[in-house]
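From a predicted model like this one, the values you see are computed outputs, not experimental measurements. For the numbers below, each heavy atom of this structure counts, side chains included, while hydrogens, waters and symmetry mates do not. Note that ligands are numbered from 1 as they come in the structure, with each ligand's atoms numbered from 1 the same way.
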Amino acid sequence: MSMIVRRLSRAATAGLVAAAALTAAAHSAEAADTLGSAAAGQGRYFGTAVAASHLGESDYAATLDREFSSVTPENEMKWDATEPSRGSFTFTSADRIVDHAQSQGMDVRGHTLVWHSQLPSWVSPLGAQDLRTAMNAHINGLMGHYKGEIHSWDVVNEAFQDGGSGARRSSPFQDKLGDGFIEEAFRTARAADPAAKLCYNDYNTDGVNAKSNAVYDMVKDFKSRGVPIDCVGFQSHFNSNSPVPSDYRHNLQRFADLGVDVQITELDIEGSGSAQAADYTKVVEACLAVSRCTGMTVWGVTDKYSWRSGGTPLLFDGDYNEKPAYGAVLSALGGSGGPGDPGDPGDPGDGASCTATYTRTADWSSGYNGQVTITAGAEPISSWTATVTLPAQQSVSSLWNGTPTWSGNVMTVRPSWNGTLAAGASTSFGFTAAKNGSDAAPTVGTCTAS
Ligand code: 9MR
């Protein structure tokens, strides 16, 4: 019941979605200073995996909305999340991501319809015929709900074994339905949403090896027999054990030559600094060199929420600062305004500003307490400096929440622990002054920030 209501309401918003996407495209033509707009300049999308639970965090949402043109729900469209008991679909979390993406004019990748992992417990015990029925019903339920709203679906995920054999991975689908389950899933998916690109998605298939050869043979077979497949997703989870392969571009190209699009679907590269940046450059350059590589998705916005957070594999650090890898990707996409470039909207420090205001908070015959409040401007700041000029007779006996240096009667105050301020946020320092016969107020000079 609720699914049917939701289906109708999703379809009714489709016109608005198209309008939002056009606005985003028009905007992106103006300035290629974000990942999404720079990629659009190359005819590609630049996406990220998103978790619904983080959308309420303002820095997360601001970084997502500013930089990316496509989103993939990281877990919310998986079988356990969407059909936890048979025939009972729940789309609350996935809808939250799709609604957010559409409000920002972003596209959505669907991940994933048929996968051996994150299966609810009711699926595995089913007999062959029942499993086939359940698989097709799951595909129809999910794709029907989002019909016309998903640019590409990972129809089948990770169906091949790791290692040298090139064999299919054991799973309820493989073990009970045999090799034909993949073809059946793609045929069902095509009928469910003819507008969506249908992808096969896997990992450790990024270079030429036994596993990617097996996927290649399957795609070739599908194309020769008219089984509906449009794209192959290369997850691209890299680290020192699994580095960016030297034949990455060649591998993407050989799949493209079969007549399918290729997409980089879950990119992350463990590491830091210039080495990580150089690896990201290789991946972006490989995609741009293959005309059928239609877009790239990184597997998360910030290192702090990565599934491999210890490996710091993403483009933004835990405080949403742009890492060197971000600048490398932006520049490989032909964009400008990476870390350190003036006016870069995501670069703390550029355009940093603050104001300082003074109030007397306590007063007695021989002295007073003063307080200076520092407020960051439109950008976050990591430090500030304020000057306070005291009347000549007065002297300061103590100061807290700041570090003073003196030149005559001019005191220059820098932060002690309180340098970092979010945009618009405030901190203050205080001091006790002896009047020594002058009750005049001190003057607060300019506040500078970095
Ligand atoms: O990033 C996902 C993580 O939050 C989940 O706990 C995990 C569960 O299997 O799945 C992660 O995403 C995987 C993706 O769906 C398929 N390819 C590998 C990804 C990383 O494990």
Side-chain angles (χ1 to χ4, degrees), residues 47-55 57 60 64 68 70-84 93-94 96-98 108-121 123-124 138-139 142 146 150 152-163 168-174 182 185 189 198-207 209 211-212 214-215 231-245 262-271 283 295-316 318:
T48 179
V50 162
S53 58
H54 303 316
L55 286 174
E57 186 182 324
Y60 183 92
L64 168 67
F68 297 97
S70 169
V71 302
T72 305
E74 187 170 356
N75 290 297
E76 292 78 352
M77 285 186 178
K78 291 172 181 175
W79 199 320
D80 59 353
T82 51
E83 196 186 3
S93 297
R96 215 173 140 209
I97 295 177
V98 174
V108 183
R109 282 196 94 255
H111 176 80
T112 175
L113 296 166
V114 183
W115 186 28
H116 65 276
S117 185
Q118 288 176 280
L119 271 181
S121 57
V123 177
S124 302
H138 183 71
I139 294 171
L142 225 74
Y146 292 112
I150 305 289
S152 307
W153 266 109
D154 290 331
V155 178
V156 176
N157 194 41
E158 301 175 6
F160 286 80
Q161 247 175 41
D162 256 355
R168 306 283 166 114
R169 176 198 294 276
S170 168
S171 74
F173 309 105
Q174 181 66 36
I182 303 183
L198 306 181
C199 305
Y200 175 79
N201 190 51
D202 215 326
Y203 66 94
N204 285 352
T205 49
D206 313 298
N209 56 39
K211 189 173 179 181
S212 67
V215 176
C231 39
V232 176
F234 298 84
Q235 293 185 9
S236 307
H237 294 291
F238 298 124
N239 58 23
S240 52
N241 294 324
S242 176
V244 182
V262 294
Q263 300 176 357
I264 294 164
T265 51
E266 302 180 17
L267 176 63
D268 51 17
I269 308 176
E270 292 189 44
V283 171
M296 289 148 266
T297 296
V298 288
W299 204 239
V301 175
T302 159
D303 282 340
K304 74 174 164 173
Y305 297 138
S306 165
W307 72 296
R308 284 178 163 171
S309 57
T312 61
L314 295 170
L315 302 178
F316 294 90

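Protein heavy atom closest to atom 19 (C) of ligand 1, with residue, atom name and distance, is E266 OE1, 3.3 Å. Looking at atom 11 (C) of ligand 1, its nearest protein heavy atom turns out to be K78 NZ, 3.7 Å. Protein heavy atom at the shortest distance from atom 2 (C) of ligand 1 is E74 OE2, 3.4 Å.
Residue N75 touches ligand 1 through its side chain alone, judged by heavy-atom distances below 4.0 Å. If you look at W115 next to ligand 1, the close heavy atoms, those under 4.0 Å, all belong to the side chain.
Judged by distance alone, the side chain of E266 and the main-chain N or O of I264 form no donor-acceptor pair under 3.5 Å.
For ligand 1 and Q235, the ligand atoms under 4.0 Å from any heavy atom of the residue are 17 (N), 18 (C). Each of the atoms 7 (C), 8 (C), 9 (O), 10 (O) of ligand 1 lies under 4.0 Å from some heavy atom of Q118. Proximity to E158 (heavy-atom distance under 4.0 Å) selects the following atoms of ligand 1: 16 (C), 17 (N), 18 (C).
A cation-pi contact, defined as under 6.0 Å to the ring centre and within 45° of the axis, is absent between K304 and Y60.
Under a 4.0 angstrom heavy-atom cut-off, N157 registers as being in contact with ligand 1. Look at R308 and you'll find every heavy atom at least 4.0 Å from all atoms of ligand 1.
When only modelled atom types and interatomic distance are considered, N75 and Q118 share a side-chain donor-acceptor pair under 3.5 Å. W307 and D268 form a side-chain donor-acceptor contact under 3.5 Å, judged by distance and modelled atom types alone.
Nearest-heavy-atom check against atom 14 (C) of ligand 1 across M77, H237, H111 picks out H111.
Taken to the nearest 0.5 Å, the CG atom of N204 stands 8.5 Å off from the CD atom of Q235.
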side-chain contact (heavy atoms from CB on, under 4.5 Å) between T312 and E270, worked out: CA-CA 6 Å; T312 61; E270 292 189 44; over 6 Å; no

Pair F234-L267, side-chain contact (heavy atoms from CB on, under 4.5 Å): steps then yes or no: CA-CA 8 Å; F234 298 84; L267 176 63; over 6 Å; no

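Taking the six-membered ring for Trp and the full ring otherwise, H116 and F173 have centroids separated by 6.0 Å or more.
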